[in-house]
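So that the names make sense, note that chain A is the first sequence line, chain B the second, and so on, each numbered from 1.
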Amino acid sequence: MAKTSSNTPPKTPGAIRGTQDIFGPDAEAFAFVTETFERVRKLYRFRRAEMPVFEKTEVFARSIGETTDIVSKEMYSFEDRGGDSLTLRPEFTAGIARAYLTNGWQQHAPLKLATHGPLFRYERPQKGRYRQFHQIDAEIIGASEPQSDVELLAMADQLLRELGITGVTLQLNTLGDADSRDAWRAALVEHFRGVKGELSEDSQERLEKNPLRILDSKDPRDRQFVADAPKIDAFLSDEALAFFEQVTSGLDAAGVAWNRAESLVRGLDYYRHTAFEFVPDEGSAAAAALGSQSTVLGGGRYDGLMESLGGPVTPAVGWAAGIERLAMLVGDKAPDPLEAIVLVENDAGMAAAMQLLSRLRNGGVSADIMATGSPKKRYDKAVKQNPQHILRVDERGYHGMSGEGDNARILAAIEKSSP
RNA sequence: GCGAUCGUAGCUCAGUUGGUUAGAGCGCCGGUUUGUGGUACCGGAGGUCGGGGGUUCGAGCCCCCUCGGUCGCCCCA
């Protein structure tokens with residue numbers, strides 16, 4: 001029993017900042033995305049997995065890197081009653097990696113996994129960015145061959161096509177192996193340090209904390225220095241170059257269009273070789289629909305992650321995509337049509353109407369009932385739901401159907417369960 | 001963390017240089033009409049104009065603070 005200590009009525013609590021209540025066309029689009037993903041991942045034989053939405057904080061802290069802003073400011077962390085620090089998952093990959101190690105899933109390697117669900121990041125909300133958001137996710141763990149990268153990207157490409165999303169292109173880069181990456185990074189630091197005074201304030205800061213990020217600076221002052229910055233290609237080992245060439249030739253063979261993006265980077269050290277994002281083409285409808293947070297699907301190869309979680313060296317590659325962003329691009333989905341509506345013209349026929357309704361539904365016919373409000377207005381309200389057929393019930397019971405088109409399924413449903 | 005912008009009915013929005021009891025459409029409820037595939041009309045309920053303070057004879061409107069939404073920056077695993 002709720003008690004109020006004063007005469008003031010209780011105030012309705014508001015929703016948490018950055019959370020969403022998804023309903024109507026948006027909810028239909030959301031479901032279309034997850035249903036299409038489930039269908040496509042089965043075509044590629046990815047196995048479904050479910051992970052907890054929270055983990056020990058160290059799972060994410062160690063995978064993401066203890067020092068970054070991400071860990072200190074962007075995660076939903078809290079202490080449980082036992083004093084352990086826990087964190088709502090901000091990504092799928094770390095939790096999947098932990099599950100792989102703690103459950104002995106090495107026995108299934110190479111393991112193709114798919115999942116989807118909510119993720120949490122403590123950020124200021126903006127278009128396409130929420131504190132609780134949702135992703136679909138696909139990973140291949142325990143496979144070091146470039147064919148895995150190709151397979152994963154082919155699946156992503158097919159998914160986007162089956163969602164009917166156009167105007168989005170795969171942007172592809174390689175970060176090389178660990179040695180290539182380190183050498184490139186050193187050269188970039190040297191290059192930008194030489195012109196430090198002319199960089200934007202943000203990029204001067206990045207020079208110390210995360211120099212690779214200068215490459216995707218939005219500040220026009222940085223643009224010329226980014227343009228003539230050293231390229232990864234000059235630092236690739238023979239093995240890294242061969243790997244990348246196998247990825248690109250595999251994509252060509254699979255018919256996946258791609259574009260080389262030399263400035264596409266990953267901030268975290270465990271990423272190796274392939275890095276990619278599907279991004280709207282400039283001026284496309286997709287770009288207009290998404291605003292500034294426009295990457296639709298992104299991922300890469302993270303061969304160094306398992307070690308940071310205390311596991312054996314385990315190559316892996318994966319991607320994730322924001323369901324909300326995909327849903328913004330799929331357009332309105334017409335809801336499934338209502339096949340039959342039972343119109344109760346007189347409440348004396350209510351029992352007959354309920355029996356009819358359950359026969360319809362048991363027979364696989366989508367059906368609803370209109371039996372409330374002014375009896376004189378029920379007809380109009382029934383019509384407004386745009387049913388394919390209206391079945392009338394009054395004190396005599398069911399007495400007739402109107403509507404155009406095929407009603408065989410409805411008749412069958414009524415007959416089949418009749419005595 | 002920083003910046004811009006917006007908060008009026010359940011929803012979408014009007015609201016004049018500050019001026020009486022704050023309006024419309026949709027939705028909801030009721031009635032009349034119609035009488036069976038989206039009829040027309042009449043009526044009703046519903047708002048402390050996000051909240052607090054200030055200026056003023058008088059504030060939805062002007063000023064300050066605050067809360068919330070939206071968009072962007074930073075960050076982007």
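- A/S292 has no side-chain polar atom (N or O) that falls below the 4.0 Å cut-off from OP1 or OP2 of B/C71.
- Contact annotation: A/K209 side-chain N/O to B/C75 OP1/OP2 distance is not under 4.0 Å.
- Between B/C2, B/C74, B/C75, one nucleotide has an atom nearer to the side chain of A/E74 than all others, and that is B/C75.
- Using a 4.0 Å heavy-atom distance criterion, A/G14 is classed as making no nucleic acid contact.
- Distance, A/K127 NZ to B/C75 P: 22 Å, rounded to whole Å.
- Each of A/I390 and A/V265 has a nearest nucleotide on RNA chain B; the 5'-most of these lies closest to A/I390.
- Across all strands shown, B/C29 is found opposite B/G43 as a Watson-Crick or G-U wobble partner, with both distances under 3.5 Å.
- In this entry the distance linking CG of A/D380 with C1' of B/U34 reads 9 Å, nearest Å.
- Remark: B/U36 base-pairs with no nucleotide in the shown strands. Criterion, Watson-Crick or G-U wobble with two distances under 3.5 Å.
- Taking atom P in both B/U39 and B/C28, one finds a spacing of 13 Å when rounded to whole Å.
- Remark on RNA chain B: of its neighbouring residues A/S217 and A/Q388, the 5'-side contact belongs to A/Q388, judged by nearest-heavy-atom nucleotide.
- One side chain, A/H399 or A/E345, offers a donor N or O that lies under 3.5 Å from an acceptor on the other.
- In this structure, A/R17 atom CZ and B/C71 atom P are separated by 13 Å, rounded to whole Å.
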Applying side chain to side chain donor-acceptor pair (under 3.5 Å) to A/E123 and A/Y130, what does each step give before you reach the verdict? CA-CA 7 Å; A/E123 307 186 273; A/Y130 307 93; over 6 Å; no
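- Residues A/Q20 and A/E324 have side chains that bring a donor and an acceptor to within less than 3.5 angstrom of each other.
- One finds no side-chain N or O of A/K218 lying less than 4.0 angstrom from the OP1 or OP2 phosphate oxygen of B/G72.
- Summarising the geometry, the separation between OH on A/Y130 and P on B/G72 is reported as 10 Å, rounded to the nearest angstrom.
- Nearest nucleotide to the side chain of A/R206, out of B/G3, B/C74, B/G38: B/C74.
- In the set B/C76, B/U39, B/G38, B/C76 carries the atom at the smallest distance from any side-chain atom of A/N210.
- Note on A/K381: a side-chain N or O is less than 4.0 Å away from OP1 or OP2 of B/C29.
- A sub-4.0 Å separation between OP1 or OP2 of B/C76 and a side-chain N or O of A/Q126 is absent.
- Figure legend. B/G7 is base-paired to B/C67; pairs are counted as Watson-Crick or G-U wobble with both atom distances under 3.5 Å.
- If you check B/A14 for Watson-Crick or wobble pairing at under 3.5 angstrom, you find it has no partner at all.
- Across the C1' atoms, B/G46 and B/C11 are found 13 Å apart, a figure rounded to whole Å.
- One P atom belongs to B/G68, the other to B/C26, and the distance between them is 35 Å to the nearest Å.
- Atom CD1 of A/I341 is separated from atom C1' of B/U36 by 14 Å (rounded to the nearest Å).
- Counting heavy atoms from C-beta outward, A/K112 and A/R47 have side chains that stay 4.5 Å or more apart.
- No side-chain donor-acceptor contact under 3.5 Å links A/Y270 and A/E307.
- Nucleotides B/G52 and B/A9 have their P atoms positioned 16 Å apart, rounded to a whole Å.
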Could you walk me through whether A/Y100 and A/H108 satisfy the ring pair (Phe, Tyr, Trp, His ring centres under 6.0 Å) test, starting with their C-alpha distance in whole Å, then the side-chain angles of each, then the deciding distance to 0.1 Å, before giving a yes or no? CA-CA 10 Å; A/Y100 182 87; A/H108 299 117; 8.9 Å; no
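- Whole-Å rounding puts the A/E205 CD to B/C76 P distance at 12 Å.
- Here B/C74 is the nucleotide among B/G37, B/C74, B/C73 with the atom lying nearest to any side-chain atom of A/R129.
- Counting only N and O atoms by type, the side chains of A/Y302 and A/E139 include a donor and acceptor under 3.5 Å apart.
- In this structure, A/R266 does not reach the B/C76 phosphate: none of its side-chain N or O atoms is under 4.0 Å from OP1 or OP2.
- Separating the P atom of B/C71 from that of B/U66 is a span of 23 Å, rounded to the nearest Å.
- Nucleotides B/G43 and B/U36 place their P atoms 28 Å apart, quoted to the nearest Å.
- The distance from atom OH of A/Y271 to atom P of B/C76 is 12 Å, rounded to the nearest whole Å.
- B/C73 atom C1' lies 14 Å from atom CG of A/D216, rounded to whole Å.
- The separation of B/G47 from B/A14, taken at their C1' atoms, amounts to 15 Å, rounded to a whole angstrom.
- Among the nucleotides B/G37, B/U36, B/U70, the one closest to the side chain of A/E345 is B/U36.
- Separation of the C1' atoms belonging to B/G72 and B/U12 is 26 Å when rounded to the nearest angstrom.
- Residues A/T169 and A/N259 have side chains that never bring a donor and an acceptor to within less than 3.5 angstrom of each other.
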